[in-house]
Visitor: 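My structure is below; once you've seen it, I'll send some questions.
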Amino acid sequence: MVLVKYRGGSFRVKDLVRWLAALDPSVVQALPQATDDQINQFLKVVVQRQLLLEQADSSTPVRANSER
């Protein structure tokens, strides 16, 4: 099930489950009481973090001077 669509992909429930396992338990426990706006903001932040991680994973690593 797709939660968020963005240019070039989507964020699915399975992606959210991975994030929930990595987040502070107090954040996860607060989600059931969150408003729709709070959930939307939460998803926006998590998707941005996911995209940043994907971008970092796909970029060429910078080598230290000693490795040249």
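All values reported here derive from a predicted model rather than from experimental measurement. Values below: every heavy atom of this structure, side chains too, minus hydrogens, waters and symmetry copies.
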Visitor: List the residues meeting salt bridge (charged side-chain N to carboxylate O under 4.0 Å, His left out) with R49, not counting sequence neighbours, and say none if there are none.
Guide: none

Visitor: Quick one: side chain to side chain donor-acceptor pair (under 3.5 Å) partners of D57, sequence neighbours excluded?
Guide: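 Per chain and number, D57 pairs via side chain to side chain donor-acceptor pair (under 3.5 Å) with no residue.
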
Visitor: I need the full list of side chain to side chain donor-acceptor pair (under 3.5 Å) pairs touching residues 30-45, with sequence neighbours left out, sorted by first then second residue.
Guide: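 For residues 30-45, and leaving out neighbouring residues, the side chain to side chain donor-acceptor pair (under 3.5 Å) pairs sorted by first residue read T35-Q38.
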
Visitor: Following the transitive rule for hydrophobic clusters with a side-chain heavy-atom cut-off under 4.5 Å over Ile, Leu, Val, Met, Phe, Trp and Tyr, establish whether L51 and F11 coincide in one cluster.
Guide: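 In one cluster: yes.
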
Visitor: Is there a path of hydrophobic side-chain contacts, each under 4.5 Å between heavy atoms, that joins L3 and V17?
Guide: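 They do share one cluster, since a chain of ILVMFWY contacts under 4.5 Å joins L3 to V17.
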
Visitor: Do L52 and V46 share a hydrophobic cluster, counting only Ile, Leu, Val, Met, Phe, Trp and Tyr and linking them when any side-chain heavy atoms are less than 4.5 Å apart?
Guide: no

Visitor: Report yes or no: do L16 and M1 belong to one cluster of Ile/Leu/Val/Met/Phe/Trp/Tyr joined by side chain heavy-atom distances under 4.5 Å?
Guide: yes

Visitor: Does anything in residues 16-27 form a side chain to side chain donor-acceptor pair (under 3.5 Å)? List the pairs, not counting sequence neighbours.
Guide: D15-R18, W19-Q50, D24-S26

Visitor: Can you pull the side chain to side chain donor-acceptor pair (under 3.5 Å) pairs that have at least one residue in residues 3-13, sequence neighbours excluded?
Guide: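 Checked against side chain to side chain donor-acceptor pair (under 3.5 Å) - neighbours excluded - no pair reaches residues 3-13.
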
Visitor: Got a sec, which residues hit side-chain contact (heavy atoms from CB on, under 4.5 Å) with L31, two or more places apart in sequence or on another chain?
Guide: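 In terms of side-chain contact (heavy atoms from CB on, under 4.5 Å), with neighbours along the sequence ignored, L31 is linked to L20, I39, F42.
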
